[in-house]
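Below is one structure, written out as structure tokens; comments come after it.
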Amino acid sequence: MSDHYLSLLLLLIASFFGVIFVIPEIIRVVLGKKIFDSPGGRKIHVNQTPSMGGIGVFFSFILLALFCVDTSEIEGVNYFYVSITLLFFTGLRDDLLPIDSLKKLVLQIAAVLLVVSLCDIKIESMYSLDFFALGKFSEWFSYPLTVFVIVILINAFNLIDGIDGLAGSIATLLSLVLGIWFSINGFWSYASLCFIMLGALLGFLYYNWSPAKIFMGDTGSLIIGFFCTVMLIVFLQLNAEAQYQINNSISFTTLLFIYPIFDTIRVIILRMRRKKSPFSPDKRHIHLSLKRLGLSHRQITQSIVLTSLFLLIGHYMLSTIFKVNEIILIILIVLVCLLIHFGLMQRILKYKKDKKQIDISKLSISKVQVVLKKRDN
């Protein structure tokens, strides 16, 4: 094992145990202060559960990244740390005392602008979709596009944090895949950051796996969503110069974050069809619908993560072995998403129909019992 790979392993282990040791203290303090994520409303958990598990993830990540990683090859890396810290405190404040959504959005944009403008992390072109050789985007288009994409995906990731282990598992898969890709191509600084986050997420999942002892809260979802989105853009930037390139990088990047993207687009369309605000909260997310259909938290998380993994493997085979065109792959991804959507909607309609019949049967039985009781009297 080379020194680089040994270093990645040690960073992963250190990050993992950092969270493992910190989370119990967070739980103890949160329980003492009675800061709970209470059930009710759109929440589907049944017990009062401590939130702010993202504190452990943040401190394990930031301390190891600052003091144990050579990030000299990353331009403006300190601004990246400032951005993730700003998002951490934004999430912490929101978990302790909810803040206005507009103020929260402004703070997110400020953090993203910092990393986009000073770290040179931006969407520069159409990448693998640039069939007409349009080249690089102009800066007036690239900067706002990147800010828009990162902010949207941060909030998309935040929206899937509704099932034990789901958001953490999605981010774990992404950190693992990109960490491996960065390492085999010799981008050791980015690989180190991914493996530190991977270790922190695994440590968090130890306590967040169903039945969860703690939730990540906005404290965690904002920084983890931000990290994942930034790493996806870095991957797109570096893939063109990498020794081991990923064919059809746009569709591959989409699949790495497919569940937050698909679920967010889906609920927005469903809300608009019902003539409601696309930002109005409801229980139409896929994971919440699956819970209503009787699946457990573990079954839902495992199903979504395994589906994502299956799609990634399928993408690799189609791109590498069969040399399938990017457009065809994107069409296939859309078709799979539509198939999942319509299949789920059919199951929900059947569930509602069966439930209505059961309710009618119960009502009929109740009426018969009342009649018989009156006759007896």
Side-chain angles (χ1 to χ4, degrees), residues 19 51-62 65 80-95 99 101 104-116 119 121-123 146-163 165-179 190 193-194 196-198 200-202 204-205 208 215-236 253-265 267-268 279 281 285-287 301 304-305 308:
V19 176
S51 186
M52 299 192 293
I55 295 174
V57 175
F58 171 75
F59 280 105
S60 183
F61 173 81
I62 202 72
F80 171 76
Y81 296 149
V82 171
S83 294
I84 206 168
T85 302
L86 175 58
L87 288 172
F88 167 75
F89 282 108
T90 301
L92 182 63
R93 170 65 169 76
D94 197 40
D95 284 336
I99 59 178
S101 57
K104 188 176 175 181
L105 179 62
V106 169
L107 289 169
Q108 290 177 17
I109 293 173
V112 174
L113 272 172
L114 193 63
V115 79
V116 170
C119 298
I121 293 174
K122 57 184 182 291
I123 300 171
T146 308
V147 172
F148 174 78
V149 169
I150 296 178
V151 170
I152 288 294
L153 293 185
I154 288 173
N155 287 283
F157 184 81
N158 186 34
L159 291 175
I160 70 167
D161 184 28
I163 292 287
L166 177 58
S169 296
I170 295 291
T172 295
L173 178 61
L174 183 147
S175 298
L176 175 62
V177 172
L178 289 185
Y190 289 112
L193 294 179
C194 284
I196 292 172
M197 182 58 76
L198 175 61
L201 288 167
L202 290 173
F204 171 73
L205 283 173
N208 185 241
F215 300 145
M216 67 170 61
D218 279 13
T219 310
S221 63
L222 293 185
I223 63 169
I224 296 170
F226 172 74
F227 175 85
C228 291
T229 308
V230 168
M231 289 300 111
L232 287 173
I233 295 174
V234 170
F235 160 74
L236 286 174
T253 303
T254 302
L255 286 178
L256 278 172
F257 219 58
I258 186 62
Y259 182 69
I261 294 171
F262 170 45
D263 184 62
T264 300
I265 293 173
V267 294
I268 287 175
F279 307 107
H285 295 281
I286 294 172
H287 50 276
T301 297
I304 291 172
V305 173
S308 299

Inset, instruction - Please step through side chain to side chain contact (heavy atoms under 4.5 Å, CB included) for the pair V112 and I154, ending with a clear verdict. - result: CA-CA 10 Å; V112 174; I154 288 173; 4.1 Å; yes

Taking ring pair (Phe, Tyr, Trp, His ring centres under 6.0 Å) as the test, write out the residues that go with [X], two or more places apart.
X	result
F157	none
F148	none
F235	W181, F252

Inter-residue atom distance [X].[atom1] - [Y].[atom2], 0.5 Å rounding:
X	Y	atom1	atom2	value
L166	I286	CG	CD1	10.0 Å
F58	F204	CZ	CZ	15.5 Å
L201	T172	CG	OG1	4.0 Å
I258	L173	CD1	CG	12.5 Å

Inset, instruction - May I ask you to test the D161-M216 pair for a side-chain heavy-atom distance under 4.5 Å? - result: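 They are in contact (side-chain heavy atoms under 4.5 Å apart), so the answer is yes.
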
Legend entry - Beyond-backbone contact of L205 with S169, side-chain heavy atoms, under 4.5 angstrom: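 Of all side-chain heavy-atom pairs linking S169 with L205, at least one is under 4.5 Å.
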
Apply side-chain contact (heavy atoms from CB on, under 4.5 Å) to [X] and list each qualifying residue two or more places apart in sequence or on a separate chain.
X	value
D94	P98, I99, K104, D218
L236	Y127, S249, I250, T253
V149	I123, L145, L153

Inset, instruction - Let me see the working for F227 and L193 under side chain to side chain contact (heavy atoms under 4.5 Å, CB included), right down to the final yes or no. - result: CA-CA 9 Å; F227 175 85; L193 294 179; 4.1 Å; yes

Restricting to side-chain hydrogen bond (donor to acceptor under 3.5 Å, both in side chains), what partner residues turn up for [X], sequence neighbours left out?
X	result
T90	none
Y190	none
K122	D120
S83	none

Legend entry - Stepwise side chain to side chain contact (heavy atoms under 4.5 Å, CB included) check, F61 with I223: CA-CA 10 Å; F61 173 81; I223 63 169; over 6 Å; no

Inset, instruction - Under the salt bridge (charged side-chain N to carboxylate O under 4.0 Å, His left out) rule, collect the residues that match up with D95, sequence neighbours excluded. - result: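 With neighbours one apart ignored, the set is empty.
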
Legend entry - Matching residue for L256 among I170, I261, L178 - test: side-chain contact (heavy atoms from CB on, under 4.5 Å):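 Exactly one option meets the side-chain contact (heavy atoms from CB on, under 4.5 Å) with L256, and it is L178.
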
Legend entry - Matching residue for L232 among L174, I150, T254 - test: side-chain contact (heavy atoms from CB on, under 4.5 Å):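 For L232, the side-chain contact (heavy atoms from CB on, under 4.5 Å) check succeeds only for L174.
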
Could you tell me which non-hydrogen atom of [X] sits nearest to which non-hydrogen atom of [Y], and how far apart they are?
X	Y	result
I196	A65	CD1-N, 3.8 Å
N158	S221	OD1-OG, 2.7 Å
A111	L87	CB-CG, 3.7 Å
I160	P260	CD1-CG, 3.8 Å

Inset, instruction - Any pair with a residue in residues 256-265 that passes side chain to side chain donor-acceptor pair (under 3.5 Å), sequence neighbours left out, goes on the list, sorted by first then second residue, please. - result: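 Counting only pairs at least two positions apart or across chains, the side chain to side chain donor-acceptor pair (under 3.5 Å) contacts touching residues 256-265 are Y259-H287, D263-H285.
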
Legend entry - Main-chain N/O of A171 paired with S175 side-chain donor or acceptor, under 3.5 Å: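 Yes; at least one donor-acceptor contact below 3.5 Å.
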
Legend entry - Output field: ring centroids F80/F226 closer than 6.0 Å: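 For F80 and F226, the ring centres are under 6.0 Å apart.
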
